[in-house]
Amino acid sequence: MSDTVILNWVTYVYFGSSILYLLRMITGKEFWGGIASWTTVAGFLAQTIALILRWITSYKLDIGHAPLSNFYESLIFFAWAIILLYLIVEWRTKWRSAGIFVAPLAFLSMAYASFAPNVNNRIQPLIPALQSNWLISHVISCFLAYAAFAITFCLGIMYLVKRLDTGNQESTRPFFRFLPETSYLDELIYHNIVLGFILLTLGIVTGSIWAHHAWGPYWSWDPKETWSLITWLIYAVMLHSRNMKGWQGKMMAILAIVGFAAVLFTYLGVNYLPGLHSYLQS
Amino acid sequence: MKRKDHLPNVKKTNVFLSYFSSLKLTIALLFFIVLLSIAGSIIPQQEAFIEFIRHLPAGWAAALQTMQFFDLYHSIWFFLLLGLLSLNLVVCSLNRFPVTWKAYQAKAFPEAFTSLENLPAPLTLMTEERRERALQRMEALLAREYRKTEKRETGQGTFLHAEKGRFSLFGIYIVHLSILIIIAGAVVGSIFGFNSFIKMAEGDSIDTIHLKDNRGEKKLNFSIRCDRFSVNYYEDGLPREYRSDLTFLKNDHVAYHGSLRVNHPITFEGIRFYQASHGTMSGGRIGLTIRKEGGKEQRDIFSLDHIDRKYYTGLQIAYDPGIPIVATGAFLLFAGFMVVFFSSHRQIWIEVDTHGDHTRIRLAGKTSRDPRRMQRELELLMDLYKNSGDGV
């Protein structure tokens with residue numbers, strides 16, 4: 001079976017787990033949560049296999065490279081990274097409620113990759129600029145950072161939703177009851193920002209080293225570079241305001257959402273600005 | 001009015017200090033840097049702005065140009081913001097450093113220390129062990145788990161102290177220093193470095209280059225000759241390799257000969273050469289065969305045998321003495337992150353005293369950040385104590 005066929009199926013699997021996580025929150029039955037988790041794990045394993053298969057196939061085509069080189073592959077890897085980080089969070093905290101926000105995000109990324117008409121899913125050879133050992137470390141650190149910020153974004157939404165219900169001591173609706181306490185959410189938001197921030201820094205630094213090898217200047221104010229700096233600065237402000245001013249809770253949740261908007265613009269929006277990183281160029 | 005005049009000078013510097021060391025200023029500066037960066041990514045910059053200006057009324061274009069809106073990242077505004085941010089960082093760090101230094105030098109037991117009262121709520125264990133025995137075991141445990149421990153006997157009771165990660169107090173200074181080093185490296189690069197772009201046809205030699213940003217011409221003390229340029233394609237037509245065969249000549253002697261490819265720059269005398277672009281130019285040749293075809297009307301048949309395009313190669317030439325500085329800064333930044341995010345200064349005080357017919361052990365902790373980790377550490381220590389039994 002070809003990797004793209006598996007990846008198309010994984011798209012449906014993530015859609016299924018989104019529905020299952022939602023079912024758990026509505027019915028209040030943990031039974032659905034268990035199925036949702038195992039569905040997600042199954043999807044993740046299938047996706048991992050597909051990625052390895054794609055890597056092997058590229059070598060058979062004599063253009064061997066890691067599946068991280070075009071827009072299609074980046075969307076797939078984004079979804080993979082989101083699910084990877086989410087499963088780690090679920091396993092460590094034993095919470096499943098973030099699933100109703102995270103799984104749809106992974107589904108959307110997969111669906112865009114699989115079904116959008118302008119996304120080419122063929123395995124393409126690497127053009128000269130991409131033939132570098134820095135490709136793998138640069139792309140992996142950037143997309144893990146994006147994924148950490150995506151999780152932060154989901155936690156931010158959960159925080160705001162949970163706050164809607166803070167008046168009720170004993171919430172009757174399972175939807176709210178299943179959401180973790182705001183103080184835990186706040187701490188997890190912080191941990192994810194730290195993780196994303198370090199990875200984004202790593203992504204920017206590896207990108208600069210690569211640029212220095214490929215183009216000369218390590219920084220040339222290409223829109224992608226500029227927007228990654230903007231994103232980095234937004235999260236730097238968040239870390240400072242939390243550590244120095246003790247900003248917590250609602251403010252951090254809102255900033256987590258704003259930060260993710262900047263991440264999305266860095267990833268997708270800059271394609272509409274002229275620059276070196278544009279996925280739409282070729 | 002008069003009273004204001006009599007304000008001592010010290011007060012003024014304090015106002016200056018408190019303004020330039022405020023987080024508010026930092027956040028405001030970062031906000032403006034973000035705003036300017038967004039503008040720069042949307043408004044066409046440098047070469048692209050000439051096309052853009054045509055769509056604007058004349059007055060506007062001139063005004064925006066004087067405001068340096070078309071080279072924002074090299075504009076006076078941007079340098080001003082970076083300068084202020086650096087100043088802010090320096091003042092902030094200098095201002096806070098004495099406090100950190102005091103905390104770093106702080107004694108485990110200050111003179112006034114008599115109880116655990118001023119610390120977060122302690123964990124308590126009541127045991128039937130004798131006080132001396134419990135104290136001895138706890139001391140042994142601390143000595144095993146921590147490198148630095150201290151003991152103090154007061155009239156109120158016996159206290160133990162242990163700590164980890166005192167150095168982490170300096171983490172934030174490492175991070176801020178590394179940012180300053182990176183900015184310094186960028187400044188060094190922009191003052192003492194240069195960039196240039198040259199086009200060379202096969203066979204051309206060049207020893208003088210035009211520097212970017214209207215910085216005039218520069219004569220190199222060597223010359224570069226392009227012997228050959230070639231492009232390779234994959235089966236589906238995408239480019240596989242651009243390659244320029246270059247010869248570097250010094251005093252008319254070949255000093256270096258090599259192929260320049262994308263992602264494989266050549267460094268010669270500290271100056272780096274990059275394969276940047278290519279194109280075809282006039283002067284290429286087409287090979288044709290002419291045949292006469294018989295019949296009533298004689299026709300000349302031309303058939304195309306081969307096309308020899310004449311290529312030029314585009315080279316990016318860069319010299320940047322700031323790079324080792326920026327690299328040092330980036331390395332230090334990660335070192336600082338490790339300290340700031342993954343370590344913390346954690347201190348533990350333990351009190352062992354007799355409480356009725358029991359011995360009471362109390363554990364209290366203080367941390368520079370991450371109270372949850374501190375709590376876990378206290379619980380772990382208590383568990384270790386309980387489980388160690390008589391073995392210790």
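Chain A is the first sequence line, chain B the second, and so forth, proteins listed ahead of strands; every chain is numbered from 1.
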Atom [atom1] of [X] with >12 non-hydrogen neighbours under 6.0 angstrom:
{"X": "B:Phe334", "atom1": "CZ", "answer": "yes"}
{"X": "B:Ile76", "atom1": "CD1", "answer": "no"}
{"X": "B:Phe197", "atom1": "CZ", "answer": "yes"}
{"X": "B:Phe97", "atom1": "CZ", "answer": "yes"}
{"X": "A:Tyr190", "atom1": "OH", "answer": "yes"}
{"X": "A:Lys94", "atom1": "NZ", "answer": "yes"}

Interatomic spacing from [atom1] in [X] to [atom2] in [Y] - rounded to 0.5 Å:
{"X": "B:Ile33", "Y": "A:Leu229", "atom1": "CD1", "atom2": "CG", "result": "8.0 Å"}
{"X": "A:Met238", "Y": "B:Ile27", "atom1": "CE", "atom2": "CD1", "result": "11.5 Å"}
{"X": "B:His264", "Y": "A:Ser132", "atom1": "NE2", "atom2": "OG", "result": "7.5 Å"}
{"X": "A:Glu225", "Y": "B:Ser41", "atom1": "CD", "atom2": "OG", "result": "12.0 Å"}
{"X": "A:Thr226", "Y": "B:Tyr73", "atom1": "OG1", "atom2": "OH", "result": "3.5 Å"}

[X], part contacting chain A, at a heavy-atom distance under 4.5 Å:
{"X": "B:Ala327", "result": "neither"}
{"X": "B:Phe273", "result": "neither"}
{"X": "B:Asn232", "result": "neither"}
{"X": "B:Leu333", "result": "side chain"}
{"X": "B:Phe342", "result": "side chain"}
{"X": "B:Val340", "result": "neither"}
{"X": "B:Arg243", "result": "neither"}
{"X": "B:Ile179", "result": "side chain"}
{"X": "B:Glu241", "result": "backbone"}

- request: Evaluate side chain to side chain contact (heavy atoms under 4.5 Å, CB included) for A:Trp227 paired with B:Ile38, printing each intermediate quantity in order.
  value: CA-CA 7 Å; A:Trp227 274 90; B:Ile38 294 176; 3.8 Å; yes
Quick one: of [options], who has the most non-hydrogen atom pairs under 4.5 Å with chain A?
{"options": "B:Thr26, B:Ile317, B:Asp236", "result": "B:Asp236"}
{"options": "B:Leu30, B:Leu23, B:Ile42", "result": "B:Leu23"}
{"options": "B:Tyr234, B:Tyr242, B:Phe341", "result": "B:Tyr234"}

Residue, of [options], that accumulates the most heavy atom pairs under 4.5 Å with chain B:
{"options": "A:Asp62, A:Leu202, A:Ile63", "value": "A:Leu202"}
{"options": "A:Val237, A:Thr201, A:Val205, A:Val194", "value": "A:Thr201"}
{"options": "A:Trp210, A:Trp219, A:Trp134", "value": "A:Trp210"}

- prompt: Using non-hydrogen atoms only, which part of A:Leu239 is less than 4.5 Å away from chain B: side chain, backbone, both, or neither?
  reply: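 The side chain, not the backbone.
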- prompt: What part of A:Phe265 lies closer than 4.5 angstrom to a heavy atom of chain B: side chain, backbone, both or neither?
  reply: neither
task: Assess the pair B:Phe78 and A:Trp221: is the distance between their ring centroids shorter than 6.0 Å?
output: yes
task: Determine, stepwise, if the pair B:Arg272 / A:His213 fulfils side chain to side chain contact (heavy atoms under 4.5 Å, CB included).
output: CA-CA 9 Å; B:Arg272 288 166 76 102; A:His213 280 280; 4.0 Å; yes
message: Check the orientation of B:Phe337 and A:Phe197. Use parallel for under 30°, tilted for 30 to 60°, and perpendicular for over 60°.
response: tilted
query: Ignoring hydrogens and geometry, is there a side-chain-to-backbone donor-acceptor pair from B:Asn263 to A:Pro128 under 3.5 Å?
result: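 Checked: pair present.
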Closest non-hydrogen atom pair between B:Arg240 and A:Gln131, with its separation: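 Looking at all heavy atoms of both residues, the shortest contact is O-NE2, 2.8 Å.
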